[in-house]
Each structure stands twice: as structure tokens, then as C-alpha cells.
Amino acid sequence: MIDFGHFSLAVAWLLSSYSVVAGVVAARMSNVKLYQSAENGVKLVSFFTLISLFQLGWAFLSHDYRYAYVWQTSNNDMPALYLVSAIWGGMDGSLLLWAGIMSVFGATAVCRAPAATVSMRMWLVPVVALSTGFFLSVVLFLTNPFTLLPIQSLPSDGNGMNPLLQNPSMLIHPPLLYLGFTGFMIPFSVCLAALLSGELSDSWTRLTRRWTLIAWSFLSAGIILGGNWAYIELGCGGFWAWDPVENASFM
């Protein structure tokens with residue numbers, strides 16, 4: 001049987017790789033047709049990454065313990081809402097969610113790119129594809145949540161999620177931070193596209209202002225909610241003092 005989650009992840013990675021190469025060639029040669037092909041590739045990356053993410057969610061909801069990640073972070077007694085949050089309850093699913101959100105932001109930015117100059121718009125596609133492709137590479141080759149358990153008979157139950165993570169804030173806090181972190185990929189990509197295209201005016205800063213405010217707002221909301229969560233669970237003063245991901249959101 002085809003594993004649609006893993007298959008979709010692999011297709012997304014191939015499309016992102018194609019979009020990087022085709023986008024660079026199109027930008028250097030001012031090839032409009034090749035640029036449009038690379039742009040469509042970025043949009044398809046988002047589509048296939050979301051399919052992979054939804055497939056992982058279905059694996060949790062259906063208690064599909066073929067997957068090591070599902071077995072490690074869920075069990076039969078967990079409520080449906082915590083099964084959904086278990087998607088980002090460990091590193092493998094968190095990075096897939098990160099790549100999924102980033103791919104959606106990237107596709108959105110590419111669709112709105114006509115506000116930029118032609119040269120900058122052409123360079124934006126390979127930069128976005130490269131940024132997304134990096135995380136897809138990490139997920140596909142290093143932290144694949146669709147890795148199968150190396151056993152013949154499937155377990156009837158899983159290990160379950162860390163009790164500290166079984167909190168309503170788990171449903172909102174990590175996705176908010178991911179929305180913030182990945183949102184800043186767009187200002188970075190636009191800035192790099194401006195440098196590569198030789199666009200030295202301040203036009204790129206106007207294009208990134210809204211993205212920057214949105215990403216900053218997500219990080220602010222996420223860290224406030226995370227502080228409350230930590231205070232409830234650990235009573236440690238309202239923040240995860242040891243967690244670099246949390247501290248990075250302040251920065």
C-alpha cells in the first residue's frame with residue numbers, strides 16, 4: 001500500500017528542489033516561462049506538504065501505530081484534541097508542521113509578488129523554494145515522522161504524550177510560535193531577492209512591513225500564552241527559562 005504521507009513529503013521535496021534550480025536559471029536568463037513553472041512548483045510544494053501533514057494527523061486520530069512517531073507520542077486513552085496536538089508533541093511532527101506552515105507562507109508570498117519589481121519577483125521564487133526545501137530535507141531524511149516501527153506485529157497501544165504537554169495551551173502555543181518563526185521567512189526572502197536582483201531602493205522594505213508585523217504579533221501572542229502555560233504546569237515564574245525556542249521568540 002502506498003504511504004501517502006511519506007510519498008507526498010518526497011514529492012514536495014522534489015518540487016522544491018526543481019523550483020530552486022528552475023528559479024535561479026529563470027532569474028539569471030529572464031525566462032518568463034521557466035519562472036512561471038518554478039512559481040507553480042512552489043505552490044505545489046505547499047499542496048503536497050499539507051497532504052503529508054494531514055496524513056500524519058489522520059494517523060494519530062486512527063491510532064496507526066505502524067509509525068514510530070505515532071506510537072511514541074500518543075495512546076488509545078488520549079482525547080481527540082490532544083491527539084491533534086500530538087502532531088507537534090515531538091521533534092518529527094513539529095518540523096513537519098514548521099515546513100507545512102512555511103510552504104503556505106511561501107506560496108502566499110509568491111502569489112502576491114506582482115507588487116515587486118520583475119527582477120526581484122523572479123529571485124523571490126528560488127529563495128522561498130530553498131528556504132522551504134531546507135526544512136523539507138531535514139524532515140524527509142533526518143526526522144521523518146512516517147518511519148515505520150521495525151517490528152512484525154503492531155502494538156495495541158502507544159507510549160502516550162508527556163503529561164506536561166497535555167494542556168489546552170499545547171493546542172495553541174506551539175502553532176502560534178511556528179507561525180511567527182516561519183512568517184519571518186518572507187521578509188528574509190524578499191530582502192535576499194532584493195540583494196540578488198540589485199534592487200537597492202527601499203521598495204522591498206514596504207513589501208515586508210505587513211509580513212513582519214504579522215509574524216511579530218504571532219510570536220508575541222505565543223510567548224504570552226506559553227508563559228501562562230509554564231506557570232500553570234511548573235510554577236517557574238511564567239516562562240521556560242531553559243528553552244532556547246521560547247527565548248528566541250523574545251529576541
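Keep in mind the model is a prediction, meaning the values are calculated, not measured. FYI, the numbering just counts along the sequence from 1.
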- side chain to side chain contact (heavy atoms under 4.5 Å, CB included) between W211 and F105, worked out: CA-CA 10 Å; W211 282 103; F105 280 165; 3.8 Å; yes
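The heavy-atom pair separating L177 from I223 by the smallest distance is CD2-N, 3.9 Å. Heavy-atom minimum distance, L81 versus L171: O-CD2, 3.1 Å.
For the side chain to side chain contact (heavy atoms under 4.5 Å, CB included) test with F184, the passing option among L219, T208, I214 is L219; the others fail.
By the criterion of side-chain heavy atoms lying less than 4.5 angstrom apart, applied directly or through intervening Ile, Leu, Val, Met, Phe, Trp or Tyr residues, V24 is not grouped with V110; the two fall into different hydrophobic clusters.
Identified under the ring pair (Phe, Tyr, Trp, His ring centres under 6.0 Å) test for residues 118-152, with sequence neighbours left out: W13-F141, Y67-F146, W98-F135.
Counting non-hydrogen atoms of neighbouring residues, nucleotides and ligands closer than 6.0 angstrom, the OH atom of Y18 exceeds 12 such neighbours.
Side-chain atoms of D64 and S62 form no donor-acceptor pair, as typed in the model, at a separation below 3.5 Å. In this model, a donor atom of one side chain and an acceptor atom of the other lie less than 3.5 Å apart for N76 and Y65.
Here the side chains of R121 and R112 are not in contact, with every heavy-atom distance at 4.5 Å or above.
Distance check: M78 CE to Q166 CD gives 5.0 Å after rounding to the nearest 0.5 Å. Rounding to the nearest 0.5 Å gives a distance of 9.0 Å between OG of S74 and CE of M161.
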